[in-house]
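First the structure, in the form of structure tokens, and then the observations on it.
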Amino acid sequence: MGAEEVRLVSWNVNGLRAVWKKDFLESMERLGADVLMVQETKLQEPQLTPEMTAVNDSKAHWSFSTVKKGYSGVGAWTKTDPAAVRHGIGMPEFDDEGRILELEYDKFTLFNVYFPNGQQSDERLDYKLRFYDAFFAYANALKDKGRPVVICGDVNTAHNEIDLRHPKANAKRSGFLPVEREWLDRILSMGYVDTFRHLYPEEEKYSWWSYRFNARKSNAGWRIDYFYVSRDILDNGWIKGAWIDNDTFGSDHCPIGLDLVIP
DNA sequence: CGTAATACG
């Protein structure tokens with residue numbers, strides 16, 4: 001039997017109803033994902049349309065915020081049905097905002113996560129850091145049992161100076177604070193690989209640009225969307241490619257991807 | 001400035 005090629009794509013759509021009006025289906029087709037994961041859907045179940053839930057041959061999975069309307073939320077379209085789909089990590093404090101989808105496949109577990117933004121207040125920064133803590137405790141339990149783990153989504157932090165256009169000007173803003181950057185160090189030291197950076201150590205490529213000040217036009221961006229994999233996935237030679245697609249529009253983020261070859 | 005409901009990113 002031949003090896004199986006799998007394309008995983010992650011995209012913070014900043015409002016699913018908004019991108020839907022901006023050629024989303026066309027982008028989706030062009031991206032060619034086996035699993036397309038989206039963050040910030042900004043809707044609840046009653047606002048889903050039949051078109052959103054029935055895309056081609058894919059099955060749709062959703063997690064909604066139960067505490068705020070039109071806020072947060074993640075989703076995934078899967079061409080192959082996962083063996084199990086889970087919502088959240090069993091901690092209401094971190095599950096209520098609909099930020100986590102766990103798709104369990106035969107050979108690996110895939111997480112789609114919209115990590116909190118910490119810019120609103122000190123409380124939200126604290127929530128963000130505790131969310132990192134709680135989520136990775138959950139994911140590590142699987143990884144440390146020997147299960148290959150893929151984690152993708154909007155991490156809402158740029159790791160190093162290479163990961164944003166204006167590191168000096170943003171050194172004191174949430175999204176590039178030392179305490180947040182240290183958390184991204186910790187993710188690597190826990191045994192995950194930042195796939196894009198691993199393949200392209202010198203590349204200055206971003207996945208998010210503020211809507212203000214024509215930031216995308218001047219490429220004043222940040223790389224805050226990631227595909228992390230547990231080290232075994234790299235060591236076993238599953239990684240065929242990792243990419244950031246700056247040519248797809250419709251949101252303040254662009255899609256990112258991971259191509260795997262699974263024996 | 002943009003999304004989706006007056007807050008949040």
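For the numbers below, each heavy atom of this structure counts, side chains included, while hydrogens, waters and symmetry mates do not. Letters go in sequence order (proteins before strands), and every chain restarts at 1. Given the structure is predicted, the values throughout are model-derived calculations rather than measurements.
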Return the 5'-most residue of the pair P116(A), L43(A) with respect to DNA chain B, ranking by each residue's nearest nucleotide.
-> L43(A)
Would you mind listing every side chain to side chain donor-acceptor pair (under 3.5 Å) that reaches into residues 87-103 of chain A, with sequence neighbours excluded?
-> Y71(A)-R99(A), R86(A)-E102(A), E93(A)-R130(A), E97(A)-R99(A), E97(A)-R124(A), E102(A)-Y138(A)
Heavy-atom contact window of chain A on DNA chain B, given 5' to 3' at under 4.0 Å = dC1(B) to dG9(B)
If you look at every strand shown and take non-hydrogen atoms under 4.0 Å, does Q119(A) touch a base, only sugar-phosphate, or nothing?
-> nothing
Contact class for L16(A) (heavy atom, under 4.0 Å): base, sugar-phosphate, or nothing?
-> sugar-phosphate
With heavy atoms under 4.0 Å as the rule, sort K21(A) into base, sugar-phosphate or nothing.
-> nothing
For F213(A), answer base if it contacts any base atom (sugar-phosphate contacts may also be present), sugar-phosphate if it contacts only those atoms, and nothing otherwise; contact means non-hydrogen atoms under 4.0 Å.
-> nothing
Exercise answer: donor-acceptor pairs, residues 30-37 of chain A side-chain atoms, under 3.5 Å, sequence neighbours excluded:
unit_1 : atom_1 : unit_2  : atom_2 : d
R30(A) : NH1    : T248(A) : OG1    : 3.1
D34(A) : OD2    : R7(A)   : N      : 2.8

Between dT6(B) and dC1(B) - P atom distance, rounded Å = 23 Å
5'-most by nearest nucleotide on DNA chain B - Q120(A) or N214(A) | N214(A)
Does NZ or CZ of R17(A) lie under 6.0 Å from the centre of the six-membered ring of W20(A), at an angle within 45° of the ring axis?
-> no
Note: W222(A) and A158(A) closest approach over all heavy atoms is CE3-CB, 3.9 Å
Quick one: label K42(A) by what it contacts on the DNA or RNA (base, sugar-phosphate, nothing), any heavy atom closer than 4.0 Å.
-> base
If you measure from OH on Y200(A) to CD1 on I162(A), what distance do you get to the nearest 0.5 Å?
-> 13.5 Å
Check W208(A), W209(A), Y211(A) against D252(A) for a side chain to side chain donor-acceptor pair (under 3.5 Å) and give me the one that passes.
-> W208(A)
